Amino acid sequence: MEPAVTAHTRIRTFNTKDTYPEQKLDNDLCQTVVAKGSMVFVRGQIGQDLDTSQSVAIGDPSGQAEKAMANIEMLLTEAGSRLEHICKITIYIVDPRYREAVYRVVGRWLKGVHPVSTGIVVSALARPEWLVEIDAIAVIPEDAA
């Protein structure tokens, strides 16, 4: 399924259930995005409330991914963009065993969007309680009202 808004060209779309059949993932991705408009760079988001700076979902990579994606949605909205205009995401996790749980969450938030995605396992994030960090690059389409 393609995204409802076709402001961007998504080249070679695919779903992870086809490329990683041994994993229980259902993420809509693509190899390349061609987008026109103003670029929006969203800083890496973690399991932290942006208003209080309190960490949430400590010890829960899925919960931290949920909060990170909620933060991304909020920040994009504040910038005049939307999740469907995400072109690239990068997901950082501190343990490869968290991959499926985190990617399930991200896949649900970005169903039908087909961004370019990179996943990286790192030794640590800025605080020891943070297990996942997600950054995003989106656009505000040229024809946005």
Side-chain angles (χ1 to χ4, degrees), residues 1 3-5 7-141 144:
M1 176 188 303
V5 174
H8 321 298
T9 303
R10 313 280 176 162
I11 299 171
R12 293 184 181 249
T13 60
F14 66 95
N15 186 286
T16 53
K17 61 186 165 192
D18 299 322
T19 55
Y20 303 103
E22 73 282 4
Q23 299 174 10
K24 294 177 178 65
L25 299 177
D26 183 17
N27 296 45
D28 290 330
L29 301 173
C30 71
Q31 297 296 336
T32 306
V33 175
V34 179
K36 293 183 180 179
S38 298
M39 296 183 75
V40 180
F41 298 89
V42 180
R43 180 177 190 258
Q45 295 300 304
I46 35 63
Q48 183 181 53
D49 185 291
L50 291 178
D51 295 322
T52 66
S53 297
Q54 294 297 311
S55 293
V56 301
I58 294 173
D60 176 9
S62 295
Q64 290 186 19
E66 283 286 349
K67 185 60 176 171
M69 291 305 298
N71 288 350
I72 289 170
E73 180 179 49
M74 179 178 63
L75 293 166
L76 287 175
T77 300
E78 290 174 3
S81 188
R82 297 191 301 254
L83 288 175
E84 65 197 46
H85 297 305
I86 289 178
C87 299
K88 169 90 167 85
I89 60 168
T90 305
I91 302 169
Y92 305 86
I93 55 176
V94 298
D95 188 320
R97 293 172 292 189
Y98 299 157
R99 183 176 181 275
E100 286 188 51
V102 168
Y103 279 47
R104 275 190 220 105
V105 170
V106 174
R108 193 173 64 254
W109 279 85
L110 299 179
K111 191 69 180 162
V113 174
H114 295 276
V116 172
S117 174
T118 300
I120 303 170
V121 178
V122 296
S123 61
L125 295 169
R127 288 193 176 160
E129 69 267 23
W130 294 342
L131 306 175
V132 59
E133 184 168 338
I134 304 167
D135 67 40
I137 300 172
V139 299
I140 303 169

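Everything numeric here is computed off the predicted structure, so don't read it as measured data.
A pairwise comparison of heavy atoms in A65 and V132 identifies N-CG1, 3.6 Å as the closest pair. The two residues I72 and Q45 come nearest to each other via the heavy atoms CG1-CG, 3.7 Å. Among all heavy-atom pairs drawn from W130 and S55, the shortest one is NE1-OG, 3.0 Å. Looking at every heavy atom in both residues, D28 comes nearest to G112 through OD2-N, 2.8 Å. Between V113 and I86, the shortest heavy-atom distance links the atoms CG1-O, 3.9 Å. Minimum interatomic distance between V94 and A124 (heavy atoms only, all atoms of both residues): CG1-CA, 3.9 Å.
In this structure, the separation between CG on D135 and CZ on F41 is 10.5 Å, given to the nearest 0.5 Å. Taking CD1 from I137 and OG from S81, the interatomic distance works out to 12.0 Å, rounded to the nearest 0.5 Å. The CG atom of D18 sits 11.5 Å away from atom CG of L25, with the distance rounded to the nearest 0.5 Å. Here CG of L50 is found 8.0 Å from CD of E78. Values are rounded to the nearest 0.5 Å. With rounding to the nearest 0.5 angstrom, the CD atom of E84 is 10.5 Å from the CD atom of E73. Here CG of L110 is found 8.0 Å from CG of N27. Values are rounded to the nearest 0.5 Å.
The stretch residues 33-43 participates, sequence neighbours left out, in no side-chain hydrogen bond (donor to acceptor under 3.5 Å, both in side chains) pair at all.
A donor-acceptor pair is defined here as one N or O able to donate and one able to accept, closer than 3.5 Å; no such pair exists between the side chain of D49 and the backbone of V56. Judged by distance alone, the side chain of Q64 and the main-chain N or O of E129 form a donor-acceptor pair under 3.5 Å.
Residues passing the salt bridge (charged side-chain N to carboxylate O under 4.0 Å, His left out) test with R97, sequence neighbours excluded: D95.
Each of K67, E133, R127 was compared with I46 under the side-chain contact (heavy atoms from CB on, under 4.5 Å) criterion, and only E133 meets it.
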What verdict does the side-chain contact (heavy atoms from CB on, under 4.5 Å) test give for Y98 and L131, after you've listed the backbone C-alpha separation in whole Å, the side-chain angles of each residue and the deciding distance to 0.1 Å?
CA-CA 8 Å; Y98 299 157; L131 306 175; 3.9 Å; yes

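Considering only heavy atoms from C-beta on, M69 comes within 4.5 Å of V106 through its side chain.
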